[in-house]
*Asks:* 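Attaching a single structure in structure tokens format; questions to follow.
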Number of protein chains: 2
Amino acid sequence: MDEAKTGRRDRKKQQTRQALIEAALRLVDERGLEHVTVEDIADAADVSPRTFFNYFASKDEAITGDLFVEDDGTGERLLSAAPGVPVVEAFLNAMAPGLTAMQDDRDVWFLRMRVMEANPSLVMSLIARSSAAENQLVRVVAKRLGLPQAHPYPAVFAAAAGGAVRTAMMRWPSARRPLTDLVDEAFSYLATGLADPQNEQDPADPINERRNEL
Amino acid sequence: MDEAKTGRRDRKKQQTRQALIEAALRLVDERGLEHVTVEDIADAADVSPRTFFNYFASKDEAITGDLFVEDDGTGERLLSAAPGVPVVEAFLNAMAPGLTAMQDDRDVWFLRMRVMEANPSLVMSLIARSSAAENQLVRVVAKRLGLPQAHPYPAVFAAAAGGAVRTAMMRWPSARRPLTDLVDEAFSYLATGLADPQNEQDPADPINERRNEL
DNA sequence: TAAAAGTTTGCAGGCACTGCAAGTTCGACC
DNA sequence: GGTCGAACTTGCAGTGCCTGCAAACTTTTA
């Protein structure tokens, strides 16, 4: 268990956090976002409403979850990629650990996605929140390429990459494929300069050998 | 004056709307978002606070403004582009009228951008709101290409295109160039598949012949 | 076991936003 | 020109998110 650092305190905190997340997801899934108050969630997790806000800055945050991009080492990994590697490739590599972490947590994420699809304002909330992560990405990409802050490339890159990841996430529950596949696929459209897609190789999609692994 | 349809009523409505927008922008510019209440804005525009919400669904909406993508004919123009034209090109053409409209309104838009830069939560709000426009774009692109709803291309396209437009908008006030230029530039990075940018042709940027037109 | 450090909770309050119903203004049609 | 109906404004009352503060409480450290 590499859960918390040490001691009962952190363990308890982690438990409370989990309880709040689960309560939030379950209740909103059952009743819909606007029929669940923060008080409901807090009650279900058996803490005071005030405590809820010690853990999450907003009701939405408990539901949409932390974007893996935010605090994990994606930025550092991108910066420490070998010098010759193009940014797109370095980014995909840097993201891989985060993606597999999500893959391991897929039950929660699938539920999240379902809840978001059913409550569009949550999608907006997620997008807004991921824009903060994008800002960090802008800085990292600029740094890696030695470009000035005002250069447009990092901003375009971050916006497009963020969008590609987001669409992959959205498709994930219904497409029965690993998240990394979907991300790669999304990036392949970017790689071709968003050229009109080829007619899919074969309407009878021969690659459909049910990938049960996920 | 092609302002309102007819009559004093619509004229008055348009005036009220403008007054609210101007009041909102001015006050938030002066004091910062969190030191301006809806009541302040309504007072400054000389209407009741309740009336404010007859015009805007949220405080943010009065400030961030309507995205031109939303209701104007961009979608229709995209769909009615000549058959052979690639989507990227068709999209840029379809957007042109909206962009020049913004160019004509540039004073307001510059103020908006300044206010947004100073109040990051407004940027998030704008991004969230533009995601609604992106959804429409997804459908339009899918329709134009005859792709099924589940196909990833339209979603990736919309996310990337939306991001490109957004970064162009953000750069607009500081870059002293027409918005269309900035949009084209952003799309040029997408067109190359987000390849690492060339070292800028010349650090002494010879294209800098001050474009005063804007 | 006592002090320190971190967490939870209640309380009071600000503010965004909503539905409703009453009042007001405007346009249309006679 | 007067009247009716539609559209718009307003006040009111209420819900619920979110915040700061200070008092309890719990865990860690010494």
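Hydrogens, waters and symmetry mates play no part in the numbers below; they use all other heavy atoms, side chains included. Quick note on labels: first sequence line is chain A, next is B, and so on, each numbered from 1.
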*Asks:* Nearest heavy atom decides the nucleotide; on that basis, is B:Arg9 or B:Pro49 closer to the 5' end of DNA chain D?
*Replies:* B:Arg9
*Asks:* Could you tell me whether A:Asp46 atom CG has more than 12 heavy atoms of other residues or ligands within 6.0 Å of it?
*Replies:*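 At most 12 heavy atoms, drawn from other residues, nucleotides or ligands, come within 6.0 Å of this atom.
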*Asks:* Using a heavy-atom cut-off of under 4.0 Å over every strand shown, decide if A:Lys13 touches base, sugar-phosphate, or nothing.
*Replies:*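 The residue A:Lys13 makes sugar-phosphate contact but no base contact.
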*Asks:* Extract from the structure each pairing of a protein N or O with an N or O of nucleotides 15-17 of chain C at less than 3.5 Å, listing the distance.
*Replies:*
{"from": "C:dA16", "atom 1": "OP1", "to": "B:Val38", "atom 2": "N", "distance (Å)": "3.4"}
{"from": "C:dA16", "atom 1": "OP1", "to": "B:Lys59", "atom 2": "NZ", "distance (Å)": "3.2"}
{"from": "C:dA16", "atom 1": "OP2", "to": "B:Val38", "atom 2": "N", "distance (Å)": "3.3"}
{"from": "C:dC17", "atom 1": "OP2", "to": "B:Lys59", "atom 2": "N", "distance (Å)": "2.6"}

*Asks:* Please give me the minimum heavy-atom distance between B:Glu185 and A:Pro152, naming the atom from each residue.
*Replies:* OE2-CG, 3.5 Å
*Asks:* How many whole angstroms separate atom CZ of A:Arg50 from atom P of C:dA12?
*Replies:*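 After rounding, the gap between these two atoms is 15 Å.
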*Asks:* Distance under 4.0 Å to a non-hydrogen atom of chain B counts as contact; along DNA chain D, which nucleotides mark the start and end?
*Replies:* D:dA6 to D:dC12
*Asks:* Check the orientation of B:Phe110 and B:Trp172. Use parallel for under 30°, tilted for 30 to 60°, and perpendicular for over 60°.
*Replies:* perpendicular
*Asks:* Could you tell me whether A:Glu134 and A:Arg166 make a salt bridge, using a distance below 4.0 angstrom between a side-chain N and a carboxylate O?
*Replies:*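 Result for this pair is no, no salt bridge flagged.
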*Asks:* Applying side-chain contact (heavy atoms from CB on, under 4.5 Å), can you list everything that pairs with A:Val87, at least two apart in sequence or on another chain?
*Replies:* A:Val141, A:Leu145, A:Tyr153, A:Phe157, B:Asp196
*Asks:* Applying side-chain contact (heavy atoms from CB on, under 4.5 Å), run through B:Gln103 and B:Thr180 and close with a yes or a no.
*Replies:* CA-CA 9 Å; B:Gln103 192 82 5; B:Thr180 51; 5.9 Å; no
*Asks:* So, OP1 or OP2 of C:dT8: does either fall under 4.0 Å of a side-chain N or O from A:Tyr55?
*Replies:*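 Yes, because at least one side-chain N or O of A:Tyr55 sits under 4.0 Å from OP1 or OP2 of C:dT8.
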*Asks:* Quickly work out the A:Gln14 CD to C:dT7 C1' distance and round it to whole Å.
*Replies:* 15 Å
*Asks:* Please report the shortest heavy-atom distance between B:Ile41 and B:Lys59, naming the atom on each side.
*Replies:* CD1-CG, 4.5 Å
*Asks:* Round to a whole Å and report the spacing from CZ of B:Arg11 to C1' of C:dT25.
*Replies:*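 Value for this atom pair: 14 Å.
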*Asks:* On the nucleotide C:dT9, are OP1 or OP2 found under 4.0 Å from the side-chain N or O atoms that A:Ser48 carries?
*Replies:* yes
*Asks:* Look at B:Asp60 together with B:Arg129 and state whether they make a salt bridge at an N to O cut-off of under 4.0 Å.
*Replies:* no
